[in-house]
Each structure stands twice: as structure tokens, then as C-alpha cells.
Amino acid sequence: MLKWISRTNSSKHSHRKKSNDQEIKKSSRDNLRILKEAFVDTPDVIMSSWNVGNNSSQNCLLIYVSGIVDMNQLNEHVIKPLHALKVNTNIDINSLKNIINIPNTNVIKTFRDIYKEISDGHPVLIMDSNSTALSLELSKWQTRSIEEPSSETVIRGPKESFNESLDTNVSLIRKRIRIPKLKIKKIYMGAYSRTPIAITFVEGIVDPSLVNEIIKRIRNVSVDSLFDSGTLQECIQDSKWSIFPTILSTERPDTTSAALVEGRIAIIVDGSPHALILPSTFFMFFSTPDDYYSGFIVGTILRVLRLFYALIAQFGPSIYVAITTFHQEMIPTTLLVSITRAREQVPFPSVFEAVIMEITFEALREASVHLPRPVGPAISIVGALVIGQAAIQASLVSPLMVIVVAITAIASFMIPHYELANAIRLLRFPIIIFASLCGLLGIIFSFITILIHLCTLRSFGVPYTEPLTPFKKSSMMDSLIRGPVWKIQKHRRFTEKNGMKRERRHKGR
Amino acid sequence: MRFHKKTLLFVISLLVLLSVQTFADLKEINNIVIVTATGLDLKSNGKIEATVQLLLPQIAPINGQENVQNKSTVISGSGITISEAINNIERKCSRQLFRGHNRAIIISEKLAKNHMNDVIDYLMRFREYRERTFLFVTDRSISSILQYSPFLEQNSGDLLMKYSKKNGNLSATLLNVATQNVKPSKPYIIPIITTYSSNNNVQEKLLSISRSAIFVNNKMVGTMSHDLSYGPQILNNTFWQTVYSVTLNKSKIGLNIQNVKTKLKPMIRNGHWIITARVSGQGIIFEDSTSQDLLDQKTQRKIEYLVEKKMELTIKKSVILSQNLKSDVFNFYTIFYRKYPLECLQVKSSWNDIFAHIEVIINTKFQITHVGINQQ
């Protein structure tokens, strides 16, 4: 299956290169004809031409896509000066640069470039008797304003989040890392969408081979369209068949900047408010910005609490199933008596009960994600009644099972990153089955299987379970626990050897 | 592709193997009945009668308003062996007996005098019984004890467990007995429970631990009164606390005895086996009928002396009793073995006779730590 998928992927793309590689003609009438042919049925592409100069001898053609261009600036700094132009001779591209007051202009030569530029929101100016054209960087995309992060909320800490504009997102990082060593490499992806992607890293800290590897992987991906970083994540991550995410995604610029300073790389995809951070390890999915902003004692306690509850989220229902079907001697007698009493009228074995309840909970969760906002409270009331009250009264499930499911649900939402929470929630089901087959032995068996799997995972060459295995004393301070800032910062670089040396050398200069 | 097939095959076979092995252990909670206490008796025809106390699960009311009392019932069955007897109970029962929560095992005196070996063997061999199950011997009928419904706990099994767990009471767990079983002459003590009528109500009976049974070589050979059984407890350093009453100058004084520590020193001199016990402890005065100056050092010393003598007497009496029964409940063998391993191994087979002639020297040292608040 893997092979089949990869084969279909590779065979798809062979670009239509030839037709677009035409060079810009000297005659503006020819140019207009070619452009009119290209932009049939595209009313948003505006082409306007007029004559400039004292004797109106030279024709000038302006082409842009309406809605993504800053019309005010275009009028003020391009169209007005051109109309007021008083020259007798034909002007060439270089002198045109002096006439219009735009800081960023590019000289382009082919029609393919014209198509590219106007799609990026850059109006293109073609002057008669010139075989080149000038693209003006006057794009103005409609974007959301910077809002509070919706999925990674904090009590203490910055409340900015990325939005869908690549430029804004990069600027949010630039705001936090104000040195020229913050590098941004731009790549376009998607045959149809041509989505710009920014690979950001801090030069000198990052491992250069890692940057090359990422660029190589991104270039190897061929997709038609790319509308969110999730698609890119799926294409470039290491173990594509693993349920565990090996790339962290975040919508917080501060998390991203912290990762960059650690020597990681962030990939920002235009149109996606989630930046990808890589390489990322298992324990990174358990840390929140709150850990770092609210003191190390509280931070450590919160992190340990989160890890503990992650275990509960993973094994809670299965432990219940295992103990009530295999190891009744482990339950305190009084509790066993009340469990027996509660289960007396329940018609199903406890596995079935557990699976039903977990699926019901998953359904509720999934429904609540897609609910139209006004209906939300109604569904949550129905859910609470169905799961809580009615199911017990109808003797479908025992009250203890409801408690177990509730605790598990709370525990699974304590994992700060949704992708990992999803993985853990899904893995719960096979573990319940194992527990019902073999009791605690089955749980231990599945735990070991998961551990082995985690140990085999790599995220861009970095072992997923670092710093536990392989043990790395320097990074231990910021994994299971959150050590004091002065201890973490000393060993912050995960590419330690490389980073530290480079840092020192730069300081010396 | 091939790799995936192989892993799939591996996982499936593992699943099958594991489930085949473990399905036998599957006990759905609705299919078991909790045994809270087991009683074992020897009938006159030589058969063993086993009685179990079962906890009957009551259906919980949906509102959870009513307080449901758990009911217990008692079933018995007989057979040549204990397992057969229990199997006969299982035949009468719709659910599987689950003995993982068994609290107490009550053995009749008749069985204890003859077949204690079989009982211990069965209890240790059968995995469901816990090592910390409490053992009791009784001189009353077993079913009467199991059917007894106590006023504080849910059933008599629960009562006996809590009673034994309470510090200061006599208790013997299966684990205690099993560890004593590897020692020469296999000496151990198991408390005896009896029922007695309370003063004002003849119908209502109460359970209590009155004496303890002394075993040698898995046979009950005698009993020891509750007070005397403090002797082995003190010498084994398992003593917790008790209240002593002494009389000084016509004044009755109640003392709480705490922190009793014992150091045993074994010695073999000219073939004489001597053990020296240094017992030290603390006392708190709870009560004093005449108001004398308890802070006076001389008075304190007098009280301490009385306590020391009383404790010495208790220990001596218990030593003499157990020496007469030739039951080394004090674990003197272990103490001697630590210092004289070779000599001990030589007399291992005839340890009972050696034990009967061990000279026990007891030094007690008491100190009154608190005298309480003087009213005057």
C-alpha cells in the first residue's frame, strides 16, 4: 500500500512549462493580446493601458488582480506620476524606477513571471518598446487581525497568535528575535495553490544540515494545493504511519520563537495560523507556555500532573476493565461490594460497557467541535444527560464507568497539544480490548508496545523520546520537569555541541 | 509489504496465545460471589465440613437515596478433603466463589487439634486466599460464628478482620503461620474466638477473642490466656500497648504501658541454654485514686518497680506455660541460631526438649514519662 501511494504521488506532476515561458514582447499590442488570451473569463484581473509622455507616443500597460492590491498607493505613486510625465523620448525600465516612488520593484522578463507576480498581488507595469516589465510590490491581502490563541490559551503570557498571513506571522517572530541571524527562506508549494512557505531558523544555532534536509523534503513533496500546515506536516514528517505526531504545531509566536532560539526550525505556511516546529520530541507536547511564565516550581508540578494524567487518559478505562474482570482482589472490599451492587443490573460485560461509553464520549466531543455555536449548550446538556443520568438510570452502564470515562475525558484534555491528545485517545480503544483479553498483562503488553514504538520514532534525526532515551542530562532539566530558568537557558540548545561553540565564536567577534 | 504481513501475523498469534492462556482467568464481576469468611470443621464421621460466608449483592436503588444494607448468608458443604468440601459448596451456588476478599478463616478446635497441617497446606496452595487473611480457632460451632451479625460491621468476617487489625489485639495471619511453619517444631499462636451472652440480653451474643491456641508441629496443644499472651508479644517485640493496674499504698493506679522494647541475649554455658531479656518501656499514668504526689521521684520509682515486677511475672508465666507445652512461640531458636548456628543445627530435631529447659532471665526497666495533670 505504501508503495502504491508513493508511486501515484510521484507520477502526478510534470509541469506545463513551455507555454508560459514566452518572453515579453517589445510591442505592447502583442503583449496585450497574449495576456488577453491567458486571462479569459477572469474579471478580477484588471488590464489598463494608456499613453504617456508629451506626445503620448509610448503605451503603458498596467495589470493587476483587484482586491489584493493596495489601490491607494498604486494611484498615488504609480498612476499619477505616469500621467504627469513630461518627456519626449521613450522611457526604459530603469528610468521608470526613478519615476514611480515604490521601494520594492522587480524587473521581470517572461510571461510566466507576470502570472506569478500578479497572483502574489504585485501589479505589473509593461512599457512599450521594452522587453522587460516591472512588478511593483504593492500587495494588500485581506487578513484577520491578530487575535488571542484559540487552542493554546494561557493565563500568564503573551496573548498574540498567528493569523493566516505569512507576512504578519513572520513579523510576529521578528518582533521577538531581533537579530539579523534570524533567517527566513521562502519556498512556493502546490502546483495550483502556489502557497508561499517560510522556513525560519536562527543561523549559528541551527544545524545547517537540518535546514538542507527540510528544504530537500519540502522540494520532494508534490501536491496540487496546500491550504494548511497540516498537509505539509503529513508530507514531510518522518514516520508517516505512526499515530504520534513528530512535528509540533503551534499558533503561538512566543512558543515558535522559543523553539527557534533552541535551535529548532519553524515552518510557516501562508494561510495557516499554525506554525510547524521541528524537530520536536515527545515531551515538547506536554509543555505549555504557562510552564515557562509561571515559575519553575509551579511549572514542574503542572508538568508532572499533565504527564500523570496522560497516563490516566491512556490507561484509565482499560485498567477499570482489567481489574473488574480479572483482578477483583485488587479492589478494596467495600468498593468491590459497591461495584458489584452497581453492576448487578448492567446487562453487558464491562469491556462492552467501556467501549460503548468511550465511543459515546468521542461522538460527543466530535459533535461539539462541529456544532454551530448557538446549538452548543443544547448538545452539551443532552450529552451530560445521556452519558450521566439516563444511561445509569436505564442500567446501561454502571455509575463507576461514568466516573472513569469522565476522568479519562478530563485527563485527555489536559494534554496541551491536540494532536498528541488525539493519538492517545485513539490508542485507548485497542488497549481496552487487550485489557479485556488479558487483564493487567494486556495493559502492560500494550504499554511496552507503545514504548517500543515511541523509541523507534525519529523527528528529523532526533530521537522522539529524547532526553529520556537516549539519556541526555543537559536537557533533562526541561522535559519531565521544568527546571529553573537559569539552569534551562544554559543548556537550551538541543543541538548543543554545535550551537554553543558557534555562539561563543560569534560573541568573540 | 512482506514486513507488514509478518508483523500482522505476529500480533495475531500473540493475541491468540495470550487470550487462550488468560481467558481461563476471566471472571466477570456479575458472575462471582464474594466470600468474606471461611470456616473449617471436622465432623464426627471424619469428613471435613467447610462453611463460607457470602456477601449478597443487593441491587442499588436508582436514586441512591435509600441506604442498602449488605446481607450475608452462610452455605456449607462437606467432603474428605477441604477442596472437595468447598467444591460441594460451589455446586449449590449459582456463582463462582471468589475468595480474594476472604477476611477470616475460622478453624474448629477439633480440626486444629488433628489436621492443622492440611489446613495450612490448602490455604497456602490455593492462590486466591490472601497471605494476610486472619486465622482464628473457635470452640463454638462455626456456623453460629459466621451467621453472627455484628452491630458495627457488615458481617462477622469483617468484624474479625477489623478486630485483629486494631493494634494491641491478638492476631495471626496466614503469613505469620506460614513463616513459623518453616521453623523446627513449627510453633505458632492463633487467637481463639468465642461467643458469649451479654449481661442484659441472653439472646444477643457477642464475639470476642478470649484466649489463644498454642500449636506445636501443626497440632493445637494448649491455650494461653489473653494476659499471658502479652509475654510472647513482648519478647517478639510486637507488643503495642496495654493498661496495667497496680496498687501502691492502698491507692489504685492505672498505667498505660507503651514503647516496650526488648533485647534478647542468648548464651550457651556448659551445655546450659540461657537467654537474657532486657525489657524496657514507658508508662503514662492515666488514673490515681488517692492524690499522692506523683511527681515525687521516690513514688515514681515505687510505681515503676511494681510495673516491672508485674510484667516480669507475666513473661515468666508465659515462658513456663509454653515450656510445659514445648512450643517455642518466642522464637528462641532463631535468636540462638544467630549466635550459635552450629549448636542449633545439631539440636534442630530435638529442639522442643532443649526449649523446655532454657533458662530465661528477665530484666525489666520501666520509666514513667507522664503523670498527667494534678487536680489540686
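Every chain is numbered from 1, with letters handed out A, B, ... down the list of sequences.
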Output side-chain donor-acceptor pairs under 3.5 Å for residues 96-105 of chain B, partner residues at least two apart or in another chain, one line each.
{"unit_1": "R99(B)", "atom_1": "NH1", "unit_2": "Y122(B)", "atom_2": "OH", "d": "2.9"}
{"unit_1": "H101(B)", "atom_1": "ND1", "unit_2": "T333(A)", "atom_2": "OG1", "d": "2.9"}
{"unit_1": "H101(B)", "atom_1": "NE2", "unit_2": "Q328(A)", "atom_2": "O", "d": "2.8"}
{"unit_1": "H101(B)", "atom_1": "NE2", "unit_2": "I331(A)", "atom_2": "O", "d": "3.1"}
{"unit_1": "N102(B)", "atom_1": "OD1", "unit_2": "A104(B)", "atom_2": "N", "d": "3.3"}
{"unit_1": "N102(B)", "atom_1": "ND2", "unit_2": "T38(B)", "atom_2": "OG1", "d": "2.4"}
{"unit_1": "R103(B)", "atom_1": "NH2", "unit_2": "T333(A)", "atom_2": "OG1", "d": "2.4"}

Tell me, yes or no, whether the heavy-atom count around [X] atom [atom1], taken from other residues, nucleotides or ligands under 6.0 Å, exceeds 12.
X: E84(B); atom1: CD; value: yes
X: F413(A); atom1: CZ; value: yes
X: K92(B); atom1: NZ; value: yes

salt_bridge(R95(B), E344(A)) N-O dist < 4.0 Å
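Here R95(B) pairs with E344(A) in a salt bridge, since their nearest N and O are under 4.0 Å apart.
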To the closest 0.5 Å, what do you measure between CG (N31(B)) and OG1 (T325(A))?
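The OG1 atom of T325(A) is 11.0 Å from CG of N31(B), to the nearest 0.5 Å.
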Closest approach of P349(A) to E28(B) (non-hydrogen atoms, all atoms of both residues):
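Closest heavy-atom pair between P349(A) and E28(B): CB-OE1, 3.5 Å.
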Answer yes or no: is there a donor N or O on one side and an acceptor on the other, between the side chain of R130(B) and the main chain of E329(A), under 3.5 Å?
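Yes, because the side chain of R130(B) sits within donor-acceptor range (under 3.5 Å) of the backbone of E329(A).
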Is the backbone of T340(A) close enough, under 3.5 Å, to the side chain of N30(B) for a donor and an acceptor to pair up by distance?
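No.
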For chain B, find its close neighbours in residues 351-358 of chain A: heavy-atom separation under 4.5 Å, sorted by number, or none.
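Not one residue of residues 351-358 of chain A has a heavy atom under 4.5 Å from chain B.
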At a heavy-atom separation under 4.5 Å, does P399(A) approach chain B through its side chain, its backbone, both, or neither?
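Interface part for P399(A): neither.
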Would you mind reporting whether I34(B) and L336(A) have side-chain heavy atoms less than 4.5 Å apart?
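Yes; the side chains approach each other to less than 4.5 Å.
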